[in-house]
Amino acid sequence: MKLTYMIAASLTVAATTASAQDFPERPINLIAPFNAGGGTDLLLRGLAPHFAEAIGSDVFVSNMAGGSGTVAASALQGQRADGYQLAYMSVTVSTIQPQIKNVPYGLDSWTPICSIAASPTLLFVTNDSPFQSMEDVVAAVKEEPGKYVFGSSGPGAITHLTMVAAFAGLEIIDDMKHLPFQGSGPAIKELTAGNIQFFGDTEILMNRGDFRPLMVFSDERLENFPDVPTATEVGIEAPLNELYLWGGLFAPAGLDPEVTATLESACEAAVASDGFGAFAANSGTVIKYRGAEEFDAFYRAQYESNAALIEAAGL
Amino acid sequence: MLSSLPEAIGILLSLEGLLVLVLGTVLGIVLGAMPGIGSTVAVAIVLPFTLTMSQAPAILLLLAVYAGSVYGGSIAAILINTPGTPQSAATCLDGYPMAQRGEAGLALGWATVASVIGGLVSAVVLIFAAPQLAAFALEFGPIETFALILLGMTCIVSVSTGSVVKGLMAGMIGIFLSTVGGDPILGEMRFTFGNWQLFAGFNLLAVVIGVFALSEVFMRASAPLSRVSELVAFSGIVLPSRAMWKGRLRNLSKSVVIGNLIGVLPGTGAATAAFISYAEGRRSSPNGAGFGKGEPDGIVSSEAANNAVTGGALVPTMALGIPGDAITAVMLATLTLHGITPGPKLVDDNPTLIAAIFAGFFVINLLLLPLGMLLSRVAAPILRVREAFMMTAIVILCAVGIYFVRGNPFDLLVMGGAGVVGFLLRRQGFPMAPLVIGMVLGPTLELTLRQGLILTDGNFLAFFTGHPIALVLAIAALLALGLPVLRALLRRNAA
Amino acid sequence: MHRIANERVIVQLALLIAAAALYASTYGQSFSASDLAQSPMFFPRIILMLWMGLNVISLAQAVTEGGGGGPIASWTRIGAVIVAALIYTNVIGSEGFFIPSVLFALISLPAFGIRNPILVVLFAVAVPGALVLLFNHSLGMPLPTSRFTYLF
């Protein structure tokens with residue numbers, strides 16, 4: 001027993017005294033806070049080989065699902081910041097959930113490494129819907145308050161906030177009903193079946209059905225939908241006018257700046273690689289790279305502006 | 001799509017196609033048969049490999065592993081009373097008593113034949129009637145689903161071996177466990193008492209493995225040590241003879257239909273189908289009285305239905321782009337990764353791929369029979385190890401399996417707690433299957449009830465006045481609860 | 001003999017107390033929903049009430065009737081297995097998979113009657129070792145590792 005203890009102690013000492021220049025000297029774990037086979041998980045699995053090549057060490061993806069991603073984030077928050085464990089966190093996990101749930105992490109719990117993807121959300125209806133523009137929607141809702149229903153993939157999800165941003169921004173939310181589902185799939189089914197009239201998600205999800213966008217929460221119109229107005233054009237004011245489903249890699253707070261820099265440059269190389277580019281094109285991922293410093297500023301700004309949305313959603 | 005069938009069969013008969021189908025099915029059966037390791041882990045293991053494969057083989061590998069592991073799960077359920085998935089919990093009810101009687105081989109034979117037939121029929125239905133079934137799925141809104149789940153809940157009475165009061169109570173405990181964590185409508189936290197680990201609730205599989213597999217280990221630890229070296233007498237699958245099928249075909253076909261229809265509805269799943277089919281079998285089969293004591297019809301009901309679900313679940317996935325369960329969600333994500341957008345146009349845009357998937361599903365079910373028989377012969381010696389080794393291995397394997405379900409060590413703790421509670425309750429004659437039904441159906445029951453109340457502005461009666469399907473299902477639920485009671489009363493009066 | 005203080009009554013009572021405590025706790029929290037049906041506690045309260053009702057019937061049956069709870073062959077054995085399993089499932093997260101698995105097998109195998117120390121040690125090291133080799137080092141989906149090394 002004593003022997004193993006001594007070996008263990010020496011190993012621990014060796015691990016802590018190793019300088020940041022030797023990083024990485026063992027495999028790096030990318031944590032997907034959702035189930036294996038989900039969108040986030042597959043994105044990480046697409047990134048992992050290129051990340052491994054760039055950093056010169058093994059990289060594996062593990063899953064820790066539950067609580068809309070908060071379980072993984074809460075667990076990682078308590079870990080030592082050694083750079084061997086990074087989580088891919090989305091806008092909801094990092095900026096929305098900590099403001100609506102009593103989770104053990106918050107604004108200052110992280111060292112942002114890099115952002116990888118970002119897609120604006122759209123508000124859409126079925127192709128045979130009578131609504132051609134948001135003006136039609138506002139007029140119809142005012143005509144028959146309490147009749148129209150919007151869906152979401154769950155309370156506090158990006159789909160919910162999209163709906164809240166739209167209808168609170170147009171000041172008709174009190175005359176509408178919210179029907180939450182467990183995930184986007186069932187919500188899309190009820191949109192097709194007609195039990196809900198409005199839903200909001202990213203472009204790739206909208207393409208899963210016969211749907212038609214009415215507006216986009218982006219700073220400019222989308223390439224594929226040049227006729228669809230932005231929320232700002234429809235008359236929705238900041239901070240409700242732009243909404244992106246973004247995500248990036250985070251390490252626990254207090255990571256050695258040298259290690260951060262190593263991870264950041266590996267992330268940049270991986271995101272810029274041809275292999276990941278092809279993967280993104282295939283899977284409809286919109287790449288949006290930001291370096292550690294820029295991402296940190298962006299993340300903090302988002303944390304603040306999403307507070308307004310949460311307030312409007314009554315969460 | 002039918003015109004692309006020849007080309008699709010060409011893909012299946014290529015070397016890669018065949019290899020993927022056979023290896024995937026074998027791997028699925030082997031992993032599924034290990035206590036504690038279920039479909040989730042099996043799929044997680046092969047997922048990284050599918051990323052480097054081309055479209056059709058990638059999806060076929062996932063399907064083969066999934067179908068194989070569901071079938072493998074019933075092997076563990078029958079032989080050692082440790083279902084790896086909720087859907088094989090219904091198989092335990094009659095499979096394990098048969099195994100204890102020394103008919104383990106025959107019990108597995110029934111399970112195999114029923115699974116294969118359920119799967120084959122659902123594959124044929126899938127190839128010929130997917131668009132029509134998809135339209136049927138759209139008829140099921142929240143209110144119809146609520147009525148269906150209500151009907152499913154009445155199964156608790158049928159699977160309550162022993163005391164009905166205790167069965168219902170176990171059902172309530174199961175439903176309660178499912179309400180822990182985030183509220184589905186408002187997102188507020190319930191019964192978490194400030195513990196963030198509970199924000200995600202109790203994991204279903206951790207509880208199922210705890211109350212079945214782990215508590216089984218404790219039950220055996222509390223009984224006198226077995227002196228014989230064999231756990232169960234088993235030397236391979238014994239197929240039921242034609243004479244044994246007499247009077248059982250109606251039950252089989254009914255179970256296949258139930259499995260197909262429920263599989264088509266997104267968000268209900270294989271466990272629901274298995275239990276509803278089991279309850280219906282118990283009610284209508286001529287052998288109904290023997291259910292729960294080792295009646296082959298019980299195995300047939302649950303196995304035929306839960307395998308037919310696999311095919312059924314592919315309907316909304318492929319025809320509407322809406323995943324029917326967790327595993328079809330993985331398939332959709334894999335398709336997306338290969339540049340294919342799931343949705344209503346999927347079948348029209350990729351007829352060959354879809355035909356290959358559907359035909360591949362047919363072939364996988366054909367493979368289950370020979371591969372199952374072969375593997376059971378190989379595995380039979382493993383069951384001859386001493387109880388001590390088997391029980392220790394079960395605990396260790398369950399830990400591995402539950403860890404990989406969500407990657408969360410907290411789920412292991414839940415499994416341990418569920419094992420002890422399950423052990424104490426089982427000693428008092430509480431059946432565990434109702435607890436599983438409650439936990440499986442509870443979340444959907446609450447969600448659809450409250451969604452319905454939102455849609456009808458809080459008018460519960462409007463659930464049934466404006467929704468004929470819901471009305472029919474609710475009446476069926478009332479009859480399922482009321483008829484046995486009524487019949488018992490009449491009998492007492494007559495006597 | 002012990003009409004009240006026996007295992008079946010105690011288990012039933014414990015369940016009833018748990019349900020009542022949980023039911024009471026639903027009134028301690030405040031929720032934002034004004035509508036009764038949309039209160040997060042609406043559904044759980046119904047379920048808990050049904051649980052308590054059934055529990056009372058079941059408790060009455062337990063007091064009046066016998067049955068339930070077969071004899072325990074050896075308290076040492078069942079005690080050792082339960083305690084070992086509970087500790088085992090608790091510490092995997094922090095101490096890794098391999099070491100706790102070995103220790104668990106070292107307790108569980110003798111408890112189930114294996115007396116040959118060589119067999120016990122062989123099994124206790126080989127089974128978890130094989131799993132660690134498989135998952136951590138060939139499949140790239142690692143089980144939890146100990147605080148000493150990332151290898152197991």
Side-chain angles (χ1 to χ4, degrees), chain A residues 31-32 35-39 41-42 45-46 48-49 60-68 70-72 74-75 97 100-105 146 149 154-157 160 177-186 188-190 192-195 204 207-210 279 281-284 314-315, chain B residues 40 43-44 47-48 51 62 137-142 181-189 192 194 196-201 203 266-267 316 320-323 326-327 329-334 336-339 341-345 404-411 443-444 447 451 454-455 457:
Chain A
I31 302 167
N35 275 323
D41 173 65
L42 291 173
R45 287 177 197 270
F60 62 89
V61 177
S62 69
N63 304 87
M64 189 168 184
S68 315
T70 56
V71 169
S74 302
Q97 294 289 347
I100 60 178
K101 282 183 194 162
N102 187 19
V103 290
Y105 66 94
V149 189
H160 182 199
K177 292 194 242 180
H178 170 213
L179 202 62
F181 293 88
Q182 305 279 49
S184 284
I188 283 183
K189 174 187 158 251
E190 294 309 326
T192 311
N195 280 323
I204 177 128
N207 289 336
R208 285 209 181 167
D210 256 336
F279 168 89
N282 258 339
S283 60
L315 284 164
Chain B
T40 330
V43 168
L47 191 67
L51 296 182
L62 287 174
L138 284 182
E139 293 292 313
F140 265 75
D183 162 79
I185 300 288
L186 300 165
E188 285 174 75
M189 287 301 148
T192 55
W196 58 265
Q197 287 280 18
L198 278 175
F199 285 5
N203 181 263
L320 299 170
I322 299 157
I327 188 69
V330 173
M331 284 176 208
L332 277 192
T334 312
T336 317
L337 207 67
H338 285 99
T341 309
K345 297 181 212 87
F404 282 125
V405 169
R406 298 198 297 191
N408 190 347
F410 177 72
D411 291 339
T444 319
L447 178 69
Q451 283 177 333
I454 292 177
L455 288 172
D457 292 313

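Side chains included, hydrogens not; waters and symmetry mates left out as well; all remaining heavy atoms used. Proteins come first, then strands; the chains are lettered A, B, ... in the order of their sequence lines, and each starts at number 1.
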task: Under 4.5 Å heavy-atom distance to chain B, tell me which part of A:Ala281 shows up: side chain, backbone, both or neither.
output: neither
task: Sort out for me which of A:Ser74, A:Gly46, A:Gly209 touches chain B most, counting heavy-atom pairs under 4.5 Å.
output: A:Ser74
query: If you tally heavy-atom pairs under 4.5 Å against chain A, which of B:Ala200, B:Pro48, B:Ala137, B:Pro316 wins?
result: B:Ala200
message: Between A:Val149 and chain B, with a heavy-atom cut-off of 4.5 Å, which part of the residue counts as in contact: side chain, backbone, both or neither?
response: side chain
message: Let's test your reading of the structure: which of B:Pro142, B:Pro409, B:Gly181 forms the most heavy-atom pairs below 4.5 Å with chain A?
response: B:Pro142
task: Go through the atoms of B:Leu47 and report whether side chain, backbone, both or neither lie under 4.5 Å from a heavy atom of chain A.
output: side chain
- line: OG1 (B:Thr336) and CD1 (A:Ile204) are apart, to the nearest 0.5 Å, by 6.0 Å
message: Test your reading of the model: is there a side-chain donor-acceptor pair from A:Lys177 to the backbone of B:Ile454, 3.5 Å cut-off?
response: yes
B:Gly187 versus A:Pro155, closest heavy-atom pair with distance: N-CG, 3.4 Å
query: In terms of heavy-atom pairs under 4.5 Å, which option from B:Val43, B:Thr334, B:Leu51, B:Asp411 contacts chain A the most?
result: B:Leu51
query: Side chain, backbone, both or neither: which part of B:Asp183 has a heavy atom under 4.5 Å from chain A?
result: backbone
message: So which atom in A:Val103 and which in B:Phe199 form the shortest heavy-atom distance, rounded to 0.1 Å?
response: CG1-CE2, 3.7 Å
field: A:Asn102 CG to B:Met189 CE distance, which is reported to the nearest 0.5 Å
entry: 9.5 Å
- request: Using non-hydrogen atoms and a 4.5 Å limit, figure out which bit of A:Ser62 sits close to chain B: side chain, backbone, both or neither.
  value: neither
message: Less than 4.5 Å apart, side chain to side chain, heavy atoms only: is that true for B:Gln197 and A:Val71?
response: yes
query: Pick from A:Ala65, A:Gly67, A:Ser68, A:Ser184: which one has the most heavy-atom pairs with chain B under 4.5 Å?
result: A:Ala65
statement: The reported gap from CG in A:Asn195 to CG in B:Leu138 (rounded to nearest 0.5 angstrom) is 10.0 Å
message: Test your reading of the model: is there a side-chain donor-acceptor pair from B:Gln451 to the backbone of A:Pro180, 3.5 Å cut-off?
response: yes
Distance-minimising heavy-atom pair for A:Gln182 and B:Leu447: CG-CD2, 3.5 Å
Partner chain A: residue of B:Asp457, B:Ile185, B:Val330 with the largest heavy-atom pair count (under 4.5 Å): B:Ile185
message: At a heavy-atom distance under 4.5 Å, which candidate from A:Pro104, A:Gly66, A:Gly284, A:Gly194 has the highest pair count against chain B?
response: A:Pro104
query: Between atom CD of A:Glu190 and atom CZ of B:Phe140, what is the distance when rounded to the nearest 0.5 Å?
result: 11.5 Å
query: Side chain, backbone, both or neither: which part of A:Asn35 has a non-hydrogen atom closer than 4.5 Å to chain B?
result: side chain
statement: d(A:Lys101 NZ, B:Thr192 OG1) to nearest 0.5 Å is 10.0 Å
